Q: 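Before I ask anything, let me first share the structure, which is written out below as structure tokens.
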There are 2 protein chains.
Amino acid sequence: MNALLAIAKALADPSRLRILLALEAGELCICQLIALLKLAPSTISRHLFLLTHAGLIERRQEGKWVYCRRAGARAPRLVREALALVDRSLRDDPIRTRDAARLKKILARPVEEICPPLKRARTRKERSLP
Amino acid sequence: MNALLAIAKALADPSRLRILLALEAGELCICQLIALLKLAPSTISRHLFLLTHAGLIERRQEGKWVYCRRAGARAPRLVREALALVDRSLRDDPIRTRDAARLKKILARPVEEICPPLKRARTRKERSLP
DNA sequence: AATTCATTTCGTCAAATGTCGAAACGAGGA
DNA sequence: TCCTCGTTTCGACATTTGACGAAATGAATT
């Protein structure tokens, strides 16, 4: 019963549903999810922990960044069915549509801003201050 | 997104999952659910409210008693799929097996105890006291 | 080795949740 | 009409949960 409970709890929050929807198209960096949901990094981190614990997503570290993607075809049937349920029931959801548009903008940013800047890089002047 | 959220929240509690499993075989009186789960009537009532609000169960009043059953074939697809998910993922769950055995005993009780007695009927002596 | 910076962990707070008991409700029966 | 009794609502309480900021972590770079 614990597997189902973990999945149900993971799906019982709007922010976590939005994360799953954002990952529908493919892998995303955590900082991109932070930019999309506009929540504190620590909050996103907690959501991702719960989603990982439920087996719904997987993480992959690459250098300084951590990427997330949905659990794939090798995941347990329950997980795959839960993800399918989310997709089907939210296919026409306005929040999903809005987030998809915003995500598109985020992904279109120039590479130099690698991850969507939480705050812009500090200037030389700022760096020299205490 | 609200429909899915309500369902996920409803499924995110062990007692409510046990109620859904108990209703797999068919309709049950609320007092039978109280006897099965051994929770306060007010607690069961709250659980049933959340399950009803999610559309997962329906209620039917018959005289003094209220009966519950799962949402049927006329329920939205999301509801039917969620119930199917619960059944499949908990088919071999030990809690489900144990509850099924206990429910069998409860249903086998003589009809005179109509609903499983929370407390036995008061004696004439008790009735005459303040 | 020190620095940088994306991410996580920790501490705290407010809000939501599960539970209970007491009281209210409401349908039948006396 | 009054009583009985299954169920619901209300109020209280402890636990859990979502959110934040501050501090810790850790991988690259300098």
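All chains are named by letter (A, B, ...) in the order of the sequence lines, taking the proteins before the strands, and each is independently numbered beginning at 1. The structure displayed is predicted, hence computed values, not measured ones.
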Q: Could I get a table of every N or O pair under 3.5 Å where one atom is in the protein and the other is in nucleotides 26-28 of chain C?
A:
none

Q: Among the nucleotides D:dA19, C:dG21, C:dT7, which one has an atom lying closest to any side-chain atom of A:Thr43?
A: D:dA19

Q: To the side chain of B:Leu50, which of C:dG18, D:dC20, D:dG18 is closest?
A: C:dG18

Q: Could you tell me the separation between the CD1 atom of A:Ile34 and the P atom of D:dA19, rounded to a whole number of Å?
A: 13 Å

Q: Considering heavy-atom distances to DNA chain D, does A:Lys38 or B:Arg59 have its closest nucleotide positioned more toward the 5' end?
A: B:Arg59

Q: Is B:Glu81 salt-bridged to A:Arg88, cutoff N-O under 4.0 Å?
A: yes

Q: Return the CG to CG distance between B:Asp13 and B:Leu50, rounded to the nearest 0.5 Å.
A: 8.5 Å

Q: When rounded to the nearest 0.5 angstrom, what distance separates CG in B:Leu51 from CG in B:Leu11?
A: 8.0 Å

Q: Rounded to the nearest 0.5 Å, what separation is found between the CG atom of A:Leu5 and the CG atom of B:Leu17?
A: 5.0 Å

Q: Between D:dC20, D:dC10, D:dT17, which nucleotide has the shortest distance from any of its atoms to the side chain of A:Arg46?
A: D:dT17

Q: Atom CG of A:Leu33 and atom P of D:dA19: how far apart are they, to the nearest Å?
A: 14 Å

Q: Expressed in angstrom and rounded to an integer, what is the separation of A:His53 atom NE2 from C:dT8 atom P?
A: 16 Å

Q: A:Ser15 side chain N/O closer than 4.0 Å to the phosphate oxygens (OP1, OP2) of D:dA19?
A: yes

Q: Please determine which of B:Arg70, B:Arg69, B:Arg74 meets the salt bridge (charged side-chain N to carboxylate O under 4.0 Å, His left out) test together with B:Glu58.
A: B:Arg69

Q: What's the closest nucleotide to the side chain of B:Cys29 if the choices are D:dT7, C:dC10, C:dT17?
A: D:dT7

Q: Please determine, for the side chain of B:Ile30, which listed nucleotide (C:dG21, C:dT7, D:dT8) has the closest atom?
A: D:dT8

Q: Rounded to whole angstrom units, what separation is found between the CZ atom of B:Phe49 and the P atom of C:dT17?
A: 11 Å

Q: I'd like to check B:Arg60 versus B:Val66 (side-chain heavy atoms, cut-off strictly below 4.5 Å). Are they in contact?
A: no

Q: In this structure, how many angstroms lie between the C1' atom of C:dT17 and the CG atom of A:Leu5, rounded?
A: 14 Å

Q: Could I get a table of every N or O pair under 3.5 Å where one atom is in the protein and the other is in nucleotides 1-3 of chain D?
A:
none

Q: Quickly work out the A:Leu11 CG to D:dG18 C1' distance and round it to whole Å.
A: 16 Å

Q: Where the side chain of A:His47 is concerned, which of D:dA19, C:dT7, C:dT19 is the nearest nucleotide?
A: D:dA19

Q: Who passes side-chain contact (heavy atoms from CB on, under 4.5 Å) against A:Ala40, sequence neighbours left out?
A: A:Ser42, A:Thr43

Q: Nearest heavy atom decides the nucleotide; on that basis, is B:Leu48 or A:Lys9 closer to the 5' end of DNA chain D?
A: B:Leu48

Q: Just how far, in rounded Å, is P of C:dA6 from CD of A:Gln32?
A: 12 Å

Q: Nearest to the side chain of B:Ser45 - D:dT7, C:dG18, D:dT8?
A: D:dT8

Q: Need one value for B:Leu39: base, sugar-phosphate or nothing, where a base atom within 4.0 Å counts as base even if backbone is also close, heavy atoms only.
A: sugar-phosphate

Q: Compare all side-chain heavy atoms of A:Arg46 with those of A:Arg16 and state whether any distance is below 4.5 angstrom.
A: no

Q: Of the options C:dG18, D:dC10, D:dC20, whose atoms approach the side-chain atoms of B:Asp13 most closely?
A: C:dG18

Q: Report the distance from atom CD1 of A:Ile44 to atom CG of A:Leu37, rounding to the nearest 0.5 Å.
A: 4.0 Å

Q: Within this structure, what is the CD1-to-P distance between A:Ile19 and C:dT7, rounded to whole angstrom?
A: 13 Å

Q: How about A:Glu62 and A:Glu27: do any of their side-chain heavy atoms sit closer than 4.5 Å?
A: no

